[in-house]
Trainee: 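Sharing a structure here in structure tokens format.
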Amino acid sequence: MTKPTAAEPADPSPGLLARARRRASSTIALTVALGAVGFGYAAIAPSSAAADQTPSADAQRGQQIYQTACITCHGRNLQGVPDRGPSLIGVGEAATYFQVATGRMPAAAQGSQIPAKPPQYTEEQVNQIAGYVQSVGGGPQVPSGNLRDGDMALGGELFRLNCAQCHNFAGKGGALSSGKSAPGLGTSTDQVIYAAMLSGPENMPVFGDNNITPAEKRAIVSYVQTLKETKDPGGNGVGRLGPVPESIVLWVAGIGALMFAVLWIGAKS
Ligand code: HEC
Ligand code: HEC
């Protein structure tokens, strides 16, 4: 079987063809040239832009707070202090927002898992500190605006796949190995949930945007927040502890009924 080729157009005027070819090759040349300029610019632009940037007023206020509350453990240039605190270069606004908004930072002392406490700063100050850390070290950022507009069904699926093994199916939290624990998500705000995924505190993995896309993160936020608002997320009301305790309750009740039946039959005969 030979396939008819579409190489010969109906009207192969040689002049037209040559002109078209010439036009095509100059377009390619132009694209290549533009591409080269673009890459060249991208290679030098970030360093010069960073050097020119003067910090905004907010970042300056953030810097003042940083210098009083964080510098002893994280260092003057976010580089970290041995045996006190890790480097904050590259952790970004997301991790800083997470740590300060949940009161984990400033840490009172070293520990295996620094506890969440009532936050020490207002929302505005938290954003200023986070903005400062971002401006110096760069890193992942939490998007602004409404984060709760995602697809609920998708969010539920992703939550069960990625989060439930540590935080429980109903977001109640649970114990992990070596004395650590995954907290309940009952009081976490939208921004904290999003920032937790981006920064992966303690034993929690980092869920980068290649792994869970921003749209999927919003779906998870929507799901977690709706789960909390719903009185009964399904299953039997055994403290929402998950399928295992629920089946234990069923099992105990079932065995009890069986024993009762056995004893009753025994007594009758
Ligand atoms: C007493 C020492 C101490 C002070 C003060 C302190 N930190 Fe920390 N910080 C730590 C330690 C230790 C860790 C590592 C915690 C962990 O692994 O769970 C940490 C972790 C962090 C992280 C997470 C880094 C990452 O890799 O995700 C951020 C962000 C952070 N601190 C910001 C701050 C900010 C902002 C302040 C000031 C408001 C502050 N810290 C004050 C000791 C401190
Ligand atoms: C391997 C276990 C693990 C997995 C999986 C995990 N987490 Fe976590 N998560 C943790 C631990 C541990 C902490 C506490 C970190 C700390 O105290 O610094 C935490 C903290 C959080 C917090 C902060 C709660 C608060 O308000 O203090 C949120 C929100 C959260 N996780 C959401 C999620 C979401 C959403 C997922 C799934 C995409 C997820 N986690 C997957 C272990 C896990």
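Position 1 is the first residue of the sequence; numbering continues from there.
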Trainee: Looking at every heavy atom in both Tyr97 and Ala195, which two are closest together, and how far apart are they?
Mentor: CD2-CB, 4.4 Å
Trainee: Do Met204 and Cys166 have side-chain heavy atoms sitting under 4.5 Å apart?
Mentor: no
Trainee: Output every pair passing salt bridge (Lys or Arg N to Asp or Glu O under 4.0 Å) with a member in residues 201-217, not counting sequence neighbours, ordered by first then second residue.
Mentor: Lys180-Glu202, Asp209-Lys217
Trainee: Atom CD1 in Ile193, atom SG in Cys163: separation rounded to 0.5 Å?
Mentor: 9.5 Å
Trainee: Output the distance between atom CZ (Phe260) and atom CD1 (Ile265), rounded to the nearest 0.5 Å.
Mentor: 10.5 Å
Trainee: Who pairs with Tyr132 by ring-ring contact (aromatic ring centres under 6.0 Å, His included), at least two apart in sequence or on another chain?
Mentor: Tyr66
Trainee: Considering all heavy atoms of both residues, which atom of Val81 and which atom of Gly75 are nearest to each other, and what is their separation?
Mentor: CG2-N, 3.5 Å
Trainee: Identify the two heavy atoms, one from Leu185 and one from Lys228, that lie closest to each other, and give their separation to 0.1 Å.
Mentor: O-NZ, 3.0 Å
Trainee: When hydrophobic residues are tied together by side-chain contacts of less than 4.5 Å, even through go-betweens, does Val100 share a cluster with Leu78?
Mentor: no
Trainee: Partners of Arg218 by salt bridge (charged side-chain N to carboxylate O under 4.0 Å, His left out), sequence neighbours excluded?
Mentor: Asp149
Trainee: Which residues satisfy the side chain to side chain donor-acceptor pair (under 3.5 Å) test with Arg104, sequence neighbours excluded?
Mentor: Thr102
Trainee: Could you pull out the closest heavy-atom pair between Thr96 and Val91, with the gap in Å?
Mentor: OG1-CG2, 4.2 Å
Trainee: Leu198 and Val206: which non-hydrogen atoms are nearest, and at how many Å?
Mentor: O-CG1, 3.4 Å
Trainee: Taking C-beta and beyond as the side chain, do Ile65 and Arg61 meet within less than 4.5 Å on heavy atoms?
Mentor: no
Trainee: Ignoring hydrogens and angles, tell me if any N or O in the side chain of Gln225 forms a donor-acceptor pair with the backbone of Ser188 under 3.5 Å.
Mentor: yes
Trainee: Please check if Val192 and Val224 belong to a single hydrophobic cluster, counting links between Ile, Leu, Val, Met, Phe, Trp and Tyr side chain heavy atoms closer than 4.5 Å.
Mentor: no
Trainee: Do the non-hydrogen side-chain atoms of Pro106 and Gln120 ever get within less than 4.5 Å of each other?
Mentor: yes
Trainee: With a 3.5 Å distance limit and no angle check, can you tell me whether Gln191 reaches the backbone of Thr189 through a side-chain donor-acceptor pair?
Mentor: no
Trainee: Verify the distance criterion only: is there a donor paired with an acceptor across the side chains of Tyr194 and Gln141 at less than 3.5 Å?
Mentor: no
Trainee: Mind checking salt bridge (charged side-chain N to carboxylate O under 4.0 Å, His left out) for Lys117 and listing every partner two or more places apart, or none if nothing turns up?
Mentor: none
Trainee: How many angstroms lie between CD1 in Ile129 and CD in Gln63, if you round to the nearest 0.5 Å?
Mentor: 12.0 Å
Trainee: Honestly curious: do Ile255 and Val252 fall in one hydrophobic cluster under the side-chain, below-4.5 Å linking rule?
Mentor: yes
Trainee: Report the C-alpha distance between Ile71 and Arg76 in whole Å, list the side-chain angles of each, state the deciding distance to 0.1 Å, and finish with yes or no for side-chain contact (heavy atoms from CB on, under 4.5 Å).
Mentor: CA-CA 6 Å; Ile71 203 165; Arg76 177 161 298 278; 4.1 Å; yes
Trainee: With hydrophobic residues grouped by side-chain heavy-atom distances under 4.5 Å, do Val142 and Phe98 end up in a single group?
Mentor: no
Trainee: Should Phe207 and Leu154 be regarded as members of a common hydrophobic cluster, given that ILVMFWY residues are connected when their side-chain heavy atoms come within less than 4.5 Å of each other, either directly or indirectly?
Mentor: yes
Trainee: Set out, in order, the CA-CA distance, both residues' side-chain angles and the distance that settles side-chain contact (heavy atoms from CB on, under 4.5 Å) for Asn127 and Asp58, then state yes or no.
Mentor: CA-CA 8 Å; Asn127 284 322; Asp58 273 343; over 6 Å; no
Trainee: State whether the side chain of Gln134 and the backbone N or O of Gly139 hold a donor-acceptor pair below 3.5 Å, judged by distance alone.
Mentor: yes
Trainee: Could you tell me the separation between the CD1 atom of Ile220 and the CE atom of Met197, rounded to the nearest 0.5 Å?
Mentor: 5.0 Å
Trainee: Tell me the side-chain hydrogen bond (donor to acceptor under 3.5 Å, both in side chains) pairs involving residues 151-167, sequence neighbours left out?
Mentor: none
Trainee: Which heavy atom in Ser222 sits nearest to a heavy atom in Gly150, and how many Å separate them?
Mentor: OG-N, 2.9 Å
Trainee: Kindly indicate whether the side chain of His74, heavy atoms from C-beta on, has any atom under 4.5 Å from the side chain of Pro86.
Mentor: yes
